[in-house]
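The model shown is predicted, which means the values in this text are computed figures rather than measured ones. Within every chain, numbering begins at 1; the chains are lettered A, B, ... in the order of the sequence lines, protein sequences first and strands thereafter.
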There are 2 protein chains.
Amino acid sequence: MLPAQRRDELLRVLRTEGRVVAKDFATRHGLSEDSVRRDLRELAAAGLAQRVYGGALPVSPAVVDYAGRRQVAVENKDRVARAAVELVRPGCTAILDGGTTALAVARALPPDLEATIVTHSPTVAAALAEHPTVEVLVLGGRLFKHSVVTSGSITAEAAAGVWADVFLLGVTGVHPEAGLTTGDPEEAAMKRTLAGRAGDTYVLASAEKIGAASAFRVLPLEHVTGIVTDVPFDDPAARALLDVGAPLIPAT
Amino acid sequence: MLPAQRRDELLRVLRTEGRVVAKDFATRHGLSEDSVRRDLRELAAAGLAQRVYGGALPVSPAVVDYAGRRQVAVENKDRVARAAVELVRPGCTAILDGGTTALAVARALPPDLEATIVTHSPTVAAALAEHPTVEVLVLGGRLFKHSVVTSGSITAEAAAGVWADVFLLGVTGVHPEAGLTTGDPEEAAMKRTLAGRAGDTYVLASAEKIGAASAFRVLPLEHVTGIVTDVPFDDPAARALLDVGAPLIPAT
DNA sequence: CGTACTAATGCCTAGTCTTGCACGTTCTTC
DNA sequence: GAAGAACGTGCAAGACTAGGCATTAGTACG
């Protein structure tokens with residue numbers, strides 16, 4: 001078996017079975033354990049696998065599985081998060097919304113990024129405490145239990161003292177007619193306030209949000225600078241959005 | 001099953017089921033209880049799980065039901081926390097400091113307690129999101145990475161608008177001469193500010209803090225209403241404190 | 001066709017990681 | 001307060017690993 005072929009096979013097994021046991025793989029394919037281990041080492045060095053004692057695991061297997069959400073959606077959110085990280089330029093000030101996608105963005109920020117992040121989410125703030133070079137400003141106020149963010153007049157007042165370059169906004173629906181929506185009126189108002197405190201507003205919308213709509217409008221599509229999403233552009237819902245001029249940004 | 005995979009699986013179960021019972025997990029996956037226990041120990045050491053008698057719980061109590069939490073082994077901080085919970089009367093307003101002991105208090109609050117909790121710790125705020133009947137006010141401001149609390153002028157300003165019945169204060173040292181101390185001057189100032197916003201100030205001090213002193217004074221002992229601690233009263237350090245009139249409160 | 005070169009491989013060794021077991025201790029329960 | 005379950009620790013056996021080294025296979029070039 002060719003070396004390259006062997007590595008492809010390793011990656012395939014890794015994807016389909018979620019793991020590779022060096023010894024078993026060698027036995028099953030009539031290879032020496034040495035070769036398999038060498039391959040695994042190289043795949044790990046290339047960032048394509050995670051080397052562990054006894055074999056290898058996919059790069060980020062269950063680790064991304066946050067709070068027991070559906071794995072699929074989580075992977076989507078991760079993809080969106082990785083793309084959204086690019087929007088936070090070094091030296092800039094960004095407002096980060098609450099929610100799992102925004103949390104994923106916080107975690108995905110480069111460890112050496114020097115920037116100022118403003119957030120009304122205690123969870124996001126706690127996650128950002130891990131980033132030594134990021135300056136974090138927490139917007140205080142009444143804690144809104146459902147989505148674990150502060151909101152209301154105190155928070156709005158605190159936000160009034162802030163001007164940011166970008167706002168990364170999480171919503172529950174992005175719809176061609178309804179625009180950006182979320183499930184709670186107070187939450188919607190808070191997000192609207194934050195959008196007013198930044199130059200550019202980018203929406204974080206994993207595929208399942210595209211074409212969906214909730215009860216309360218946050219903003220019309222025209223007020224948005226970009227919508228970061230991992231939905232394929234030939235998806236009907238995506239097409240409908242593109243038709244009304246929504247600025248979709250693909251998350252590879 | 002690979003060791004690394006086993007740990008991932010443990011974390012996954014922890015997140016989805018809210019707990020892991022060592023014996024069951026071992027039986028279900030055909031593993032020795034020893035390995036499972038060892039893994040749990042390591043996960044706990046890494047801060048990814050909370051070790052309890054019989055198994056483990058998630059670090060954040062998000063999915064843990066109250067019944068499951070009763071099994072939690074009573075460690076020092078928990079003992080102090082359980083005693084401190086009594087200080088938060090129904091209907092009152094309490095300021096909760098940052099730190100692990102304060103976090104333990106937040107988690108130990110009765111699920112049906114109706115009270116208002118003010119905090120400058122995002123971590124504590126996130127934990128309190130689980131308490132439907134507790135009104136939570138987050139003090140915003142610059143995030144102080146080391147101890148994961150907000151502090152500084154913005155936070156002080158937000159605190160100025162608050163008046164609470166009690167302040168539960170965490171420190172790193174309670175010393176007969178030095179008084180209450182902590183390792184950072186800004187942190188000390190913040191705690192002092194908060195103490196000025198409440199009628200009574202209670203200190204949360206697990207045994208190892210008693211008799212210890214750090215570089216920066218928060219308050220002299222005279223300004224304190226009570227010091228909740230699990231140290232035995234016949235301990236020399238405790239005696240020294242009692243001798244200077246410190247109001248020690250025993251945590252059973 | 002032969003030579004020189006590189007890549008790939010298998011084997012060996014020293015060292016690390018994991019595991020199951022034994023033992024004494026701690027915690028829970030009745 | 002006694003029995004039993006769960007615990008942590010120490011230890012030795014075995015599995016796994018990285019790196020070195022010699023051999024082989026494959027390739028480029030004269």
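Note: A:H29 and A:F25 have parallel aromatic rings, judged against thresholds of 30 and 60 degrees for the angle between ring planes.
Taking 4.0 angstrom as the limit, B:R37 places none of its side-chain polar atoms (N or O) nearer than this to OP1 or OP2 of D:dT9. Contact annotation: B:R51 does not reach the phosphate of D:dA6 (side-chain N/O to OP1 or OP2, under 4.0 Å).
A side chain to side chain contact (heavy atoms under 4.5 Å, CB included) with B:V52 holds for exactly one of B:L57, B:V20, B:V21; it is B:L57. Just one of B:V80, B:L204, B:V203 meets the side chain to side chain contact (heavy atoms under 4.5 Å, CB included) condition when paired with B:I227; it is B:V203.
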Can you list, pair by pair, the side-chain donor-acceptor contacts under 3.5 Å of residues 188-196 of chain B, counting residues two or more places apart and other chains?
{"residue": "B:K191", "atom": "NZ", "partner": "B:D97", "partner atom": "OD2", "Å": "2.6"}
{"residue": "B:K191", "atom": "NZ", "partner": "B:G170", "partner atom": "O", "Å": "2.7"}
{"residue": "B:R192", "atom": "NH1", "partner": "B:R217", "partner atom": "O", "Å": "2.9"}
{"residue": "B:R192", "atom": "NH1", "partner": "B:V218", "partner atom": "O", "Å": "3.4"}
{"residue": "B:T193", "atom": "OG1", "partner": "B:A189", "partner atom": "O", "Å": "3.0"}

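Looking at B:H120, its side chain does come within 3.5 Å of a backbone N or O of B:T150 through a donor-acceptor pair.
Between A:R41 and B:G54, the residue anchored closer to the 5' end of DNA chain D is B:G54, taking for each the nucleotide with the nearest heavy atom.
No salt bridge links A:E9 with A:R6; every basic N to acidic carboxylate O contact stays at or beyond 4.0 Å.
Recorded end-axis angle for the helix from C:dC1-D:dG30 to C:dC30-D:dG1 stands at 40°, based on five pairs per end and rounded to 10 degrees.
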Reading nucleotides 7-21 of chain C from the 5' end, what letters show protein touch, with B for base, S for backbone sugar-phosphate only, - for no heavy atom under 4.0 Å? -SBBBB----BSBBB
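Atom CZ in B:F25 sits roughly 16 Å away from atom P in D:dA6 (whole-Å rounding).
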